[in-house]
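Note that these values count all heavy atoms, side chains included, but never hydrogens, waters or copies made by symmetry. Labels below follow one simple rule: chain letters A, B, ... track the order of the sequence lines, proteins then strands, and each chain is numbered from 1.
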Amino acid sequence: MKLQEFQSKRIFAQYGVPIPDGDVATTPAEARVVAGRLGGTVAVKSQVLVGGRGKAGGIKLAKSPAEAEAAAGRILGMNIKGMIVKKVLVDAAADLHKELYLGMVIDRGRRRVTVMASSEGGVDIEEVAARTPEKIIQVAVDPCIGLKEYQTRDLAMGVGLPREQWAQFAAICQGLYDAFMESDATLAEINPLVVQRDGKLLAVDGKMVLDDSALYRHPDLAAMRDEDEETPEERTARLNGLSYVKLDGQIGCMVNGAGLAMATMDITKFYGGAPANFLDIGGGAKADKVAAALRIILTDPHVNAVLFNIFGGITRCDEVARGILQALGEAPTNVPMVVRLVGTNDIEGRAILKKAKMMTAETLMEAAQMAVAAAQHAA
Amino acid sequence: MKLQEFQSKRIFAQYGVPIPDGDVATTPAEARVVAGRLGGTVAVKSQVLVGGRGKAGGIKLAKSPAEAEAAAGRILGMNIKGMIVKKVLVDAAADLHKELYLGMVIDRGRRRVTVMASSEGGVDIEEVAARTPEKIIQVAVDPCIGLKEYQTRDLAMGVGLPREQWAQFAAICQGLYDAFMESDATLAEINPLVVQRDGKLLAVDGKMVLDDSALYRHPDLAAMRDEDEETPEERTARLNGLSYVKLDGQIGCMVNGAGLAMATMDITKFYGGAPANFLDIGGGAKADKVAAALRIILTDPHVNAVLFNIFGGITRCDEVARGILQALGEAPTNVPMVVRLVGTNDIEGRAILKKAKMMTAETLMEAAQMAVAAAQHAA
Amino acid sequence: MSILVNKETRVVVQGITGREGAFHTEQMIEYGTNVVAGVTPGKGGGWAVRNVPIFDTVREAVDATGADTSIIYVPARFAPDAILEAADAGVGLIVCITEGIPALDMLKVRAYLDRVGVRLIGPNCPGLITPGETKVGIMPGHIHTRGSVGVVSRSGTLTYEVVYALTVRGIGQSTAVGIGGDPINGTDFVDVLRMFEHDPETRQVVMIGEIGGTDEEKAADFIAQHMTKPVTAFVAGQTAPPGKRMGHAGAIISGGKGTAADKMAALTGAGVRVARHPGEIAEMVAALA
Amino acid sequence: MSILVNKETRVVVQGITGREGAFHTEQMIEYGTNVVAGVTPGKGGGWAVRNVPIFDTVREAVDATGADTSIIYVPARFAPDAILEAADAGVGLIVCITEGIPALDMLKVRAYLDRVGVRLIGPNCPGLITPGETKVGIMPGHIHTRGSVGVVSRSGTLTYEVVYALTVRGIGQSTAVGIGGDPINGTDFVDVLRMFEHDPETRQVVMIGEIGGTDEEKAADFIAQHMTKPVTAFVAGQTAPPGKRMGHAGAIISGGKGTAADKMAALTGAGVRVARHPGEIAEMVAALA
């Protein structure tokens, strides 16, 4: 689960990381009030969970409350990569001297939390990694020992911070690390970490991604989920325990198992189709869940064919068949559907579908080709 | 640093360990008020940092506020193994069904925190260990992983707790472990951990010893030090950075280094003397510190000879000599003194002492024999 | 021969009285697995499905029955504890089916297991099977057949799909191992490839990867340097967009790393036959058999 | 020959600009120790006493000077970090003089060192010396003389006392190691006894224990089973009462365990000559020399 910039920074601040004074506004008038309280120049920043807000015009500087109000008026309601801006963060502007990067992730290869710092802050760190990897300094944290001060010193020296700032930097690293560990994050990032003209460090932008599997022990963090940032379909899928990602193609896919779902998308593409989504109904799905999944797929107006690929193990093919018919019974559709069922109770499943006059296939290759043909025919 | 029972139990309670309702009283009238608030039978318990309070009459049950007042009247002011009782804890009496033991220590051999439990609670656990070691169940905690629930289950089963109480017991183990770790303890103990007739577990007595080296990061705990529980000499020694333990003999010892101090005591005993104290002045002691140490030794009326054994390395023998003369200049004494100085600036040191007409010795053996002879002569 | 498990394997089921644990215990026993004990704290002394004795702790189960392998079906919040309990009780192999264990928990668990030298398969995996001998997992047993192809995979049903296609063509498997879809797990491709390389029965290997991480790249390095047996691979997620988690916690392209294209290129470079879609795998294996 | 350190040893001093660090650096250099670098974070680029170059980190010091041994003089609250930094920077031997490190910190540090395989002497120890070659510690160098007696001890000045008595009698030492007086430390008696047993120069060993813990008992077991060279021992604290900490954090008789009598009995049982008081040690060694 991704957190908004203002949420991430508030968490960082709880761990002693210095952040700009500021507040969230949902109307231009509120933005004016916040800017008035802060005084001086402020940054008005759209709060949406996508990258590249700046380039899209979603971040503006304002020199007065009136300017802040105007900027908020332009930003609120903006569509940035499909996300409608409903909140802005109004922050006191930093007295920017230098921009650093500081971040940490769960490093799969090392099986450690890895802390990264760079003197190239304020830009996309992945570009830095691609262009000048030597400008990213890394230290791996032993899970038993935690982040140690000498490691933060290695980072501070690596990004060229003068000695006077090592202690500040160490405290920020430690705070970010504690925030990371105690929130069960998979990523925590300050970009830019600004060195101000007076030498003080300030976390001007913040980003945090939490481990969904650990949210059960952080009800306070789970409550931060911004429902506006999910599409209604994504929300329905999540609440039904389905794993769903919308894509740009025309062939809806419903599969049990993440690997098989990806493979089904891949083979669809191989035969010239384009998958409209990733959708994993998981193991042992009952008819209700299957029906919910099908409704989600059919909500997408671009879908002009649906491919079901079920390899029954714990999942029973007859339950899947019943779920399909249930959804179609509630909301009939003309979208052609190809079903491939193998495994537990596949004979019963196929018999149920035969009555409904759906196309069935023996192998995944056949099924994919039939779905692609149906989609092309419908287009 | 040892904590009083009431202090230990309050810490345990902060970590979710159930303790009896109760409060501390310093006068019989206060004890009556507390007993009145609690209602029913109460235990009136002397708060002194020595074992065997019960046998010494320092713990009494009282069935009414009037009885509690009377009990507190008898206990307050009592001398238990040299400690004058200045506080009592008035606790609601537990509805005792069974008494267990639960404790944890830093286990040097294993280099782990070891958690111990026994079905033989309420008695001296060292006796249980000596008599029936199989009745003490132990688990060692990995420092990286912490105490795990399955380990508490091993303990619960080992002490014969029925299943219904495993969850309660696990929570108490976890609470005690967290209290131990977060307080930098070297020992934390609940004895007895009472199983009440209604099945609820209750920490009726508690004991905690903190790591002196870690007190710097626990100012709240350091502030709990009970000054009444130190003798004035112990307090002076601690504040002067001296390591001092009073013993029952007649020969005062002043040595630099803990091992050498113990060895000096040992050789004194070997030659028929009895050391009056352990006293380590540490490394690099200046004259002031040496003078303070000598004053502490001479405060003990049983001391009838003093043995100095200094092996100069960082410690300069001339500084030690000056310190001795400084103390004697302030408070002259007739107690005979034997000084053995070797190492850094020993010649200068001996020259200083020669003026003061003190006995000096070349070797430790000689010095010990001279001190023993002087003590016998003085007796 | 086979790797990791065979008909001598003595299995203890942790979480045997749960819905999943009970169901799959029956399935395993039906397949022929020697399930000697179950563990559910608080239910020791009773009997689970098929008269498997229940113990309160894994240690008791191991002491009483000589179990040497544990399979874990307990819910995610109790699973790290269950893994550590099994490791401390002295089993040599732990198979954790449970999905949704927090990554930071697994970081600590894996560090501990490395220290004490106990092998974990999973978590979030279907387990493993040596066809005709034993099944320590949740895969449908009947789609497998005994033979000489070693299978190792990060996915569940996609593995079934591939195994089924092999079986249909008359190609049997030595052992099929699902290593799981989580970012931090107990066993990676290289571990299993090494075992297959040393297993006399295994003559060729199928490896099924997916997007995310660099496990496939490491496997490619290992294959290039150490494998003499032919490897056929498939990498799921060629059509997956960056930054989106494709079901498995580990299946996410992040920081431009972990794409299927990169992995396929690395494997091809290591001399691995790489299938373009899952339907090709069995054909490619058959061509070598 | 000698153990652990010799004239090739290249020493980096952590905390070189502190009062103690600076003083003992001079003392060590005067003795002949090859002090190649110092570390004080924030003072890198400067020069310490005797023109020893200062670095900000141990890694830099190791990279620039090839230091292979670190000696630590930093205050207790920074010492665990300093030990870990040295371990990660690749030195093979760490000597920590610092007194007063919390025991729970050392528990974690020791577990980490065991994992990465780096040896620590101390903390709260005088260090070690190979007479005539190098001194990595705070002991007065001039009381030592080169010879064939290995010395290992939990105390500081008591060791000086014993070494001095040996030297006065013309008996030299191969290496003298102070393992420190803390309950959780890096190296115990058995570790050092094993090294002396394998060191061709060492012909007999003096072991100086004290009350508290069971290190002497373990040493007795080891001596009985593995040592061919004669061992003379002394255990300080025969007159110490139970429950009182005698200066060293580790010197406390707790739970009736760790008494001098028990330790002396164990050592005697293992064939060790046990001195009744420190004055006897040199005599007993001389009788064997």
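- Of the two parts of D:Y112, neither the backbone nor the side chain holds a non-hydrogen atom closer than 4.5 Å to a non-hydrogen atom of chain B.
- One distance of note links OG of B:S243 with NZ of D:K244; it measures 11.5 Å at 0.5 Å rounding.
- Taking every heavy atom of both residues into account, B:L364 and D:E161 meet most closely at CB-OE2, 3.8 Å.
- Around atom CD of B:E182, more than 12 heavy atoms belonging to other residues, nucleotides or ligands sit under 6.0 Å away.
- When heavy atoms are compared at a cutoff of 4.5 Å, D:R245 approaches chain B by way of both its backbone and its side chain.
- Considering CZ of B:R112 and CD1 of D:I184, their distance stands at 9.5 Å, rounded to 0.5 Å.
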task: Would you sort out whether B:D280 and D:H248 count as a side-chain contact (heavy atoms from CB on, under 4.5 Å), showing the intermediate values?
output: CA-CA 10 Å; B:D280 173 13; D:H248 286 160; 5.9 Å; no
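- Annotation: residues 267-276 of chain B contacts chain D through B:I267, B:K269, B:F270, B:Y271, B:P275 [non-hydrogen atoms, separation under 4.5 Å].
- Salt-bridge formation is not detected for the pair B:R108/D:D215: no Lys NZ or Arg NE/NH1/NH2 atom is positioned less than 4.0 Å from an Asp or Glu carboxylate oxygen.
- For chain B, the option among D:P140, D:S155, D:A260, D:G279 with the highest count of heavy-atom pairs below 4.5 Å is D:G279.
- Contact annotation for B:A261: neither backbone nor side-chain heavy atoms come within less than 4.5 Å of a heavy atom of chain D.
- At most 12 non-hydrogen atoms from other residues, nucleotides or ligands lie less than 6.0 angstrom from CD1 of B:I347.
- Both the backbone and the side chain of D:P102 have a heavy atom closer than 4.5 Å to some heavy atom of chain B.
- Using a 4.5 Å cut-off between heavy atoms, D:D114 contacts chain B through its side chain alone, with no backbone atom that close.
- Looking at D:I101, the atoms closer than 4.5 Å to chain B (heavy atoms on both sides) all sit in the backbone: N, CA, C or O.
- When heavy atoms are compared at a cutoff of 4.5 Å, D:A111 approaches chain B solely by way of its side chain, counted from C-beta outward.
- For chain B, the nearby part of D:K218 is the side chain; its heavy atoms alone come within less than 4.5 Å.
- Counting heavy-atom neighbours within 6.0 Å of B:D248 CG, excluding the residue itself, gives a total of 12 or less.
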query: Which is it for D:Y160 and B:L260 under the side-chain contact (heavy atoms from CB on, under 4.5 Å) test, yes or no, and what are the steps along the way?
result: CA-CA 9 Å; D:Y160 312 163; B:L260 189 58; over 6 Å; no
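- To the nearest 0.5 Å, atom CZ of residue B:F180 and atom CG of residue D:L104 are 5.5 Å apart.
- No side-chain donor from either of D:T157 and B:N256 sits under 3.5 Å from a side-chain acceptor of the other.
- Ranked by heavy-atom pairs under 4.5 Å with chain D, the list B:M262, B:M365, B:R217, B:M265 is led by B:M262.
- Neither the backbone nor the side chain of B:L279 has a heavy atom closer than 4.5 Å to any heavy atom of chain D.
- No other option in B:A263, B:G343, B:A130, B:A185 has as many heavy-atom pairs under 4.5 Å with chain D as B:A263.
- Taking CG from D:D182 and OG from B:S213, the interatomic distance works out to 6.5 Å, rounded to the nearest 0.5 Å.
- Proximity to chain D (any heavy atom under 4.5 Å) is restricted, for B:V342, to the side chain, taken from C-beta onward.
- Ranked by heavy-atom pairs under 4.5 Å with chain B, the list D:A236, D:A251, D:G100, D:G237 is led by D:G237.
- Distance check, rounded to the nearest 0.5 Å: CG of B:D211 to CE of D:M106 gives 12.0 Å.
- At a 4.5 Å heavy-atom cutoff, the contact between D:H24 and chain B is made by side-chain atoms alone.
- Across D:G243, D:G212, D:A249, the residue that shares the most heavy-atom pairs under 4.5 angstrom with chain B is D:G212.
- Summarising the local packing, CD of B:Q138 is surrounded by more than 12 heavy atoms from other residues, nucleotides or ligands at distances under 6.0 Å.
- To the nearest 0.5 angstrom, D:T239 atom OG1 is 4.0 Å from B:D266 atom CG.
- Heavy atoms of B:N309 lying under 4.5 Å from chain D belong exclusively to its side chain.
- For chain B, the nearby part of D:V235 is the backbone; its heavy atoms alone come within less than 4.5 Å.
- More than 12 heavy atoms of other residues, nucleotides or ligands lie within 6.0 Å of NZ in B:K289, so this atom counts as buried by the packing criterion.
- More than 12 non-hydrogen atoms from other residues, nucleotides or ligands lie less than 6.0 angstrom from NZ of B:K148.
- The environment of B:R131 atom CZ is dense: over 12 non-hydrogen atoms of other residues, nucleotides or ligands sit within 6.0 angstrom.
- For D:L158 against B:G259, the heavy-atom pair with the smallest separation is CD2-O, 3.6 Å.
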